[in-house]
Amino acid sequence: MHANAVAAGYVPDKFCVFDRVGRTGALGYPHFNHTYDNSVDPTKPAALYYEDDGRGGKRLVGVQWLVYDRDQKLTTDDDRPTMFGTAFKGPKPGNFPGQPVHYALHLWLWKKNPRGLHETFNPAVACLPGTTRP
């Protein structure tokens with residue numbers, strides 16, 4: 001339930017995030033709990049992703065774990081984490097000012113991703129008009 005996630009410290013972004021470069025889908029509305037940055041605990045993802053439920057609420061569609069790169073170099077990956085037998089993607093540059101170089105693993109448990117369970121963007125998730133960052 002969305003209210004439970006917020007009560008647990010996940011901060012909602014007011015904007016829906018979509019793939020601006022490849023146009024391969026969306027993430028939905030990210031809710032980050034930075035207490036769980038660097039977590040490889042399956043029960044403590046750094047982000048939850050929600051989409052509009054069509055009734056004015058939000059429905060959970062996926063999660064993400066985020067682990068900072070030890071040496072902060074995009075050219076090395078000797079510290080790449082794995083979970084569920086899958087290697088995290090990266091190292092990736094920060095997505096916003098101040099975010100470190102990192103690895104990420106997405107998991108689409110509540111909204112099937114036709115591109116794959118661990119792909120970053122999900123073409124089955126859509127951002128409604130007027131909900132994306134200008």
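Everything quoted here is computed from the prediction, not taken from an experiment. Just so you know, these numbers use all the heavy atoms, side chains as well, and skip hydrogens, waters and symmetry mates. Nothing fancy with the numbering, it's 1 onward along the sequence.
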Student check: side-chain heavy atoms of P91 and K73 closer than 4.5 Å: no
Over all atoms of both residues, closest heavy-atom pair of T132 and F18: CG2-CD2, 3.4 Å
Centroid-centroid under 6.0 Å between Y49 and W110 rings: no
Step-by-step side-chain hydrogen bond (donor to acceptor under 3.5 Å, both in side chains) determination, D77 to Y103: CA-CA 9 Å; D77 66 354; Y103 297 93; 5.7 Å; no
Backbone N/O of F88 and side chain of R80: donor-acceptor pair under 3.5 Å: yes
Atom pair CG (L128) and CG (D52), whose distance is rounded to the nearest 0.5 Å: 4.5 Å
Stacked cation flag K58 on Y29, 6.0 angstrom / 45 deg: yes
Side-chain donor/acceptor of N113 to backbone N/O of A124, under 3.5 Å: no
Nearest heavy atoms of L74 and P93, plus distance in Å: CD2-N, 3.6 Å
Verdict with reasoning, T120 to K89, per side-chain contact (heavy atoms from CB on, under 4.5 Å): CA-CA 9 Å; T120 302; K89 292 186 180 191; 3.9 Å; yes
Separation between CG of L27 and CG of L48, rounded to the nearest 0.5 Å: 12.5 Å
Hydrophobic cluster identity match, V63 and L105, side-chain contacts under 4.5 Å: yes
Spacing of Y68 atom OH and D79 atom CG [to the nearest 0.5 Å]: 14.0 Å
Backbone N/O of P100 and side chain of D69: donor-acceptor pair under 3.5 Å: no
Derivation and outcome, salt bridge (Lys or Arg N to Asp or Glu O under 4.0 Å), residues R55 and D53: CA-CA 5 Å; R55 300 182 313 270; D53 69 2; 3.5 Å; yes
D13 with R133: basic N within carboxylate O range, under 4.0 Å: yes
Minimal non-hydrogen separation, A126 against C16, with atom names: O-SG, 4.3 Å
Step-by-step side-chain hydrogen bond (donor to acceptor under 3.5 Å, both in side chains) determination, S39 to D41: CA-CA 5 Å; S39 168; D41 180 336; 5.3 Å; no
Any donor-acceptor pair under 3.5 Å from H106 side chain to E119 backbone: no
Parallel, tilted or perpendicular: ring planes of F84 versus H118, cut at 30 and 60 degrees: parallel
V11-V6 co-clustered via ILVMFWY side chain contacts under 4.5 Å: no
Donor-acceptor pair, side chain of Q72 and main chain of V101, under 3.5 angstrom: yes
Approximate separation, where rounding is to 0.5 Å, of H31 NE2 and L60 CG: 9.0 Å
Minimum heavy-atom distance between A46 and D37, given as atom pair plus value: CB-OD1, 3.6 Å
Whether D19 side chain and G22 backbone form a donor-acceptor pair below 3.5 Å: yes
Salt bridge (Lys or Arg N to Asp or Glu O under 4.0 Å) between D78 and R70, worked out: CA-CA 9 Å; D78 60 321; R70 183 175 42 243; 3.4 Å; yes
Heavy-atom side-chain contact between P45 and Q64 under 4.5 Å: no
Pairwise side-chain contact, Y36 with Y10, heavy-atom cut-off 4.5 Å (strictly under): yes
ILVMFWY network linking L107 to Y50, side-chain heavy atoms under 4.5 angstrom: yes
Side-chain donor or acceptor of N122 paired with backbone N/O of K111 under 3.5 Å: yes
Rounded distance (nearest 0.5 Å) linking atom NZ of K112 with atom CG of L109: 12.0 Å
Verify same cluster id: F32, F15 (apolar side-chain graph, 4.5 Å): no
